[in-house]
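Presented below is the structure to which this report refers.
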Amino acid sequence: MKTFYITTPIYYVNDKPHIGHAYTTIACDIINRFHKLKGEDVYFLTGTDEHGQKCEKASIKASIETKKFVTDMSKNFSDLVTFLNCEINDFIRTTEKRHIKAAQSLWNKLLSNDQIYLDNYEGWYSVRDEAFYSKDDLIEKNNKFFTESGEEVEWVKEESYFFKLSKWENKLLDYYSINKDAIAPKTRYNEVISFIKSGLKDLSISRTTFKWGVPVPNNKDHVMYVWIDALCNYLTSIGYPDENSNTFKKYWPGTHVVGKDILRFHAVYWPAFLMAANLEPPKRIFSHGWWTNNSQKISKSLGNSIDPYEVINKFGLDQIRYFLFSEVPFGNDGDFSEKSLIKRINADLSNNFGNLIQRVCSFINKNCNSIVKNNFDSEIIEDFNLLNASLIKFKNYKNYLDNQQIDKAIKEIIELITEANVYCDKLAPWKLIKIDKNRMNQVLSVLVEIIRRSTILLFPIIPDSSKKIFHILNIESEKINFEKFDFLLNKEHTINKTKPIFPRIDNTNNE
Ligand code: MSP
């Protein structure tokens with residue numbers, strides 16, 4: 001059986017989750033559910049990044065003991081996974097024993113492979129990004145230095161272990177020249193390549209000025225730099241350091257979905273650490289864009305973060321899942337506004353798909369005693385064309401989702417539904433009932449079939465609603481899989497009573 005390993009970044013627990021975090025998690029769930037529909041054995045990992053100065057500072061600010069603080073905050077993220085209806089296999093916390101063991105093993109491996117040395121570090125550090133900066137990357141204002149995103153950096157001078165990143169420059173370039181699909185979208189691939197070509201310096205990978213981190217083996221003055229600890233989570237969950245464990249052998253290397261802000265850590269440092277530890281680099285890293293709130297960057301200081309609970313309770317989970325991935329090409333930045341959200345949900349889900357389900361199924365309920373009489377005739381050109389269009393769309397959809405192009409895959413389904421609505425208008429079963437019942441039954445069965453197929457394709461994006469639609473169609477939800485995509489319904493099939501799945505949202509307040 002083909003296997004597939006998908007991961008979200010692990011989230012810092014310095015603050016409550018917002019829509020940006022929900023976005024990455026839902027993206028991975030869509031990819032996870034898609035690969036499951038293909039019949040693959042999928043492992044989906046998410047979790048929390050709990051070490052480092054950023055989390056320690058947040059706990060001090062909240063006057064809560066750090067261990068308790070990170071435990072409470074982590075729960076907000078694991079609760080969110082459930083709330084978002086994401087089917088994960090594991091939720092990892094970097095403060096867990098299994099992870100500390102894995103991170104220390106990775107460290108020891110790098111040490112024994114002569115990839116680490118002890119020296120002194122002096123330079124700028126941003127706690128917000130948990131990243132080191134060179135002066136060229138910073139902006140000076142009144143003798144203070146700031147990152148491009150406006151965060152003040154601090155001067156750090158301490159003894160530090162270094163990873164020999166500079167040694168990996170050519171090996172990374174060679175790797176990426178052969179594996180051109182290892183980073184997507186293409187623009188991000190190009191960015192990474194030019195970053196590597198601009199020259200890689202050895203990387204400071206330990207800190208001595210605070211204690212909240214994984215202890216460096218055999219040197220109690222140092223804790224690991226939070227990123228080396230964090231990246232290792234992808235290995236921990238599947239059994240590392242036991243490289244012979246069943247899960248490790250089955251799932252590594254995996255696919256990482258990450259925001260554009262953390263691409264460098266994943267596409268430069270991480271594969272270098274892995275290769276330096278004789279492990280395979282990730283199969284693929286997909287980098288997505290950032291959401292703004294009514295065109296403003298979402299930030300704590302502006303107080304404009306979008307609470308996923310609030311918007312989901314207001315508009316519905318599947319509605320938000322759908323909006324986030326249909327509105328904006330996956331990989332680009334997007335702007336979150338209620339106006340565009342309502343417009344999108346009403347147009348695609350209520351007016352297009354909802355309307356198709358409602359008019360076809362309620363017609364069958366009322367006029368056919370809820371029975372669809374399936375007598376497809378492949379000789380009839382318009383029936384053949386619509387059913388055939390669904391097969392073409394299905395193929396395109398799979399190609400897109402295999403490359404994480406979620407928005408393009410959704411577009412294929414919406415186009416199919418639009419075609420079905422046009423077909424329904426043109427063939428008008430409400431007219432046929434008076435003149436040609438046999439043809440009416442044919443048309444209805446084609447329409448029910450298209451509803452069934454569209455529902456399967458929409459399942460990764462809107463799983464709950466898809467199950468509800470299958471209930472209306474009176475088909476068990478176990479039958480939502482690709483294997484059964486083009487089977488046709490039985491000769492006579494009774495559907496259930498229809499009810500609206502995507503009620504129209506009143507948008508009078510937003511116009
Ligand atoms: N802890 C690190 C990741 C370590 S992975 C080994 C981290 N955490 S984070 O909580 O700051 O961010 C996690 C993810 O949320 C990132 O992929 C980031 O891009 C994403 N988002 C945070 N804000 C976002 C938006 N406003 N919009 C979209 N995604 C954004 O980085």
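For the numbers below, each heavy atom of this structure counts, side chains included, while hydrogens, waters and symmetry mates do not. Whatever order the structure lists them in is the order used to number ligands and atoms, beginning at 1.
Here the heavy atom of the protein found nearest to atom 8 (N) of ligand 1 is Y12 CD1, 3.3 Å. For atom 29 (N) of ligand 1, the nearest protein heavy atom (residue, atom name, distance) is H288 CE1, 3.4 Å. The protein heavy atom nearest to atom 18 (C) of ligand 1 is D261 OD1, 3.6 Å. Closest protein heavy atom to atom 23 (N) of ligand 1: H18 CE1, 3.2 Å. Looking from atom 31 (O) of ligand 1 to the surrounding protein, the closest heavy atom is I262 CG2, 3.5 Å. When only non-hydrogen protein atoms are considered, atom 20 (C) of ligand 1 lies nearest to T24 OG1, 4.0 Å. Among protein heavy atoms, the minimum distance from atom 3 (C) of ligand 1 is reached at I10 O, 3.2 Å. When only non-hydrogen protein atoms are considered, atom 15 (O) of ligand 1 lies nearest to H21 CD2, 3.6 Å.
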Test log, rule salt bridge (charged side-chain N to carboxylate O under 4.0 Å, His left out), inputs K260 and D333:
CA-CA 10 Å; K260 61 180 181 180; D333 291 340; 2.9 Å; yes

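For Y240 and W252, the distance between ring centers is not under 6.0 angstrom. Ring to ring, F145 and Y133 are not that close: their centroids are 6.0 angstrom or more apart. Ring to ring, Y23 and F325 are close: their centroids are under 6.0 angstrom apart. Remark: aromatic rings of F336 and F323 are close, center separation under 6.0 Å.
Nearest-heavy-atom check against atom 17 (O) of ligand 1 across A22, G289, G259 picks out G259. Distances from atom 5 (S) of ligand 1 to the heavy atoms of F265, Y234, Y11 put Y234 nearest.
For ligand 1, none of its N or O atoms has an N or O atom of P9 under 3.5 Å away. Between K260 and ligand 1, no pair of N/O atoms sits closer than 3.5 Å. Where the criterion is an N or O separation shorter than 3.5 Å, residue side chain and backbone included, Y23 fails it with respect to ligand 1. Distances between N or O atoms of A230 and those of ligand 1 include no value under 3.5 Å. Residue W291 has at least one N or O atom closer than 3.5 Å to an N or O atom of ligand 1.
Listed for the S237 side chain is no donor-acceptor partner under 3.5 Å among the backbone atoms of Y234.
No more than 12 heavy atoms of other residues, nucleotides or ligands lie within 6.0 Å of NZ in K16, so this atom counts as exposed by the packing criterion.
With 3.5 Å as the limit, one finds a donor-acceptor pair spanning the side chains of T25 and Y11.
With sequence neighbours left out, S78 forms a side chain to side chain donor-acceptor pair (under 3.5 Å) with no residue at all.
Ring geometry for F162 versus Y121: interplanar angle of 30 to 60°, hence tilted.
Counting atoms of ligand 1 from 1 in the listed order, those under 4.0 Å from a heavy atom of D49 are 1 (N), 2 (C), 4 (C). Atom numbering of ligand 1 starts at 1 in the shown order; those under 4.0 Å from a heavy atom of H266 are 5 (S), 6 (C). Numbered from 1 in the order shown, with element, the atoms of ligand 1 that lie under 4.0 Å from a heavy atom of G20 read 24 (C), 25 (C), 27 (N), 28 (C), 29 (N), 30 (C).
Residue-ligand proximity: E130 is placed with every non-hydrogen atom at 4.0 Å or more from ligand 1. Contact between W270 and ligand 1 is absent, with no heavy atom of the residue lying under 4.0 Å from the ligand.
Looking at K67 and E65, no side-chain N of the basic residue comes within less than 4.0 Å of a carboxylate O on the acidic one, giving no salt bridge. Taking 4.0 Å as the cut-off between side-chain N and carboxylate O, D402 and K398 do not count as a salt-bridged pair.
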